[in-house]
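Both ligands and their constituent atoms are indexed starting at 1 by order of listing. Numbering starts at 1 and runs along the sequence shown. Keep in mind that the numbers below use all heavy atoms, side chains included, and drop hydrogens, waters and symmetry copies. Given the structure is predicted, the values throughout are model-derived calculations rather than measurements.
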Amino acid sequence: MYIDTHCHLYKEYYNNIDDVINECKEVGVTKFIVNGCDMRSNIETIELANMYDDIYAAIGFHPTELADFKDEYFSWLEDHINDKKVVAIGEIGLDYHYNDTDKEKEIYVFRRQLDIAKKYNKPIIVHSRDSIQDTLDILKEYKLKGSIHAFNGSLEMAREFIKLGYMIGIGGVVTFKNAKNIKDVVNDTDLSYILLETDSPYLTPEPYRGTINSPKYIPLIAKCIGDIKGKSTTDILRVTADNASRLFDFLNK
Ligand code: NI
């Protein structure tokens with residue numbers, strides 16, 4: 001039983017979710033945390049989790065999807081945080097990549113969601129792009145646990161997040177030739193702090209870059225990590241699945 005801890009299996013990207021899940025089963029990937037990003041995808045994520053045994057939901061509001069954000073969405077989040085199969089608040093965080101970024105709004109929405117995570121004792125799934133120092137500084141104020149998804153910071157930063165109680169989400173980027181930084185992080189990070197994820201439909205691993213991503217590529221990411229750490233693909237898949245099971249409370253869902 002292998003796990004994709006971060007993907008977006010929405011209808012707009014995949015014609016047939018049954019096919020995706022069946023292809024994944026063939027390679028042993030049998031558990032998925034689908035992350036919402038805005039109101040529409042959050043609702044869809046909960047629907048998917050109710051429809052498919054293997055799908056679990058993370059719900060939250062993504063920093064680049066706040067154009068039509070309303071304060072009442074926080075109460076929606078609270079109303080659904082204890083829904084069956086909702087295992088985390090995500091995808092939430094900070095993204096300073098674009099020139100028109102409203103940092104203040106992003107930080108406000110991020111903090112309010114962290115408050116909710118704290119209130120309900122839920123893990124979080126964190127997106128951080130060009131914002132890693134602010135992300136770290138804010139998370140230091142909260143005693144939470146979760147995943148730093150698609151981690152792309154330095155080894156030093158990875159250690160800081162681990163010290164706070166977070167795990168490091170590693171996906172397709174680790175297979176890219178020029179991803180020296182992430183390969184270094186993987187090499188130096190104890191396997192007990194690593195989670196596997198695909199971020200499907202984005203960030204497709206080699207050799208399939210340029211095509212749509214799928215959680216069926218989780219074993220490819222595991223193989224790459226295994227090559228870096230001198231371990232078998234099966235060991236990587238097994239240990240990281242155990243890590244995910246420790247972090248996300250699948251059993252009681
Ligand atoms: Ni994502």
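Relative ring orientation between Phe74 and Tyr108 is described as perpendicular, the plane-to-plane angle rising above 60° on a 0-90° scale split at 30° and 60°.
Less than 2.8 Å away from the Ni ion (ligand 1), the protein contributes these N/O/S atoms: His6 NE2, His8 NE2, Glu91 OE1, Asp199 OD1.
Atom CG of Asp137 is surrounded by more than 12 heavy atoms from other residues, nucleotides or ligands within 6.0 Å. Within a 6.0 Å sphere centred on CD of Glu104, other residues, nucleotides and ligands contribute 12 heavy atoms or fewer.
Annotation: side chain to side chain contact (heavy atoms under 4.5 Å, CB included) contacts of Asp68 (sequence neighbours excluded): Tyr73.
Closest heavy-atom contact between Ile218 and Ile3: CD1-O, 3.9 Å.
With Asp54 as reference, Lys25 is the one residue of Lys85, Lys31, Lys25 to meet the salt bridge (charged side-chain N to carboxylate O under 4.0 Å, His left out) rule.
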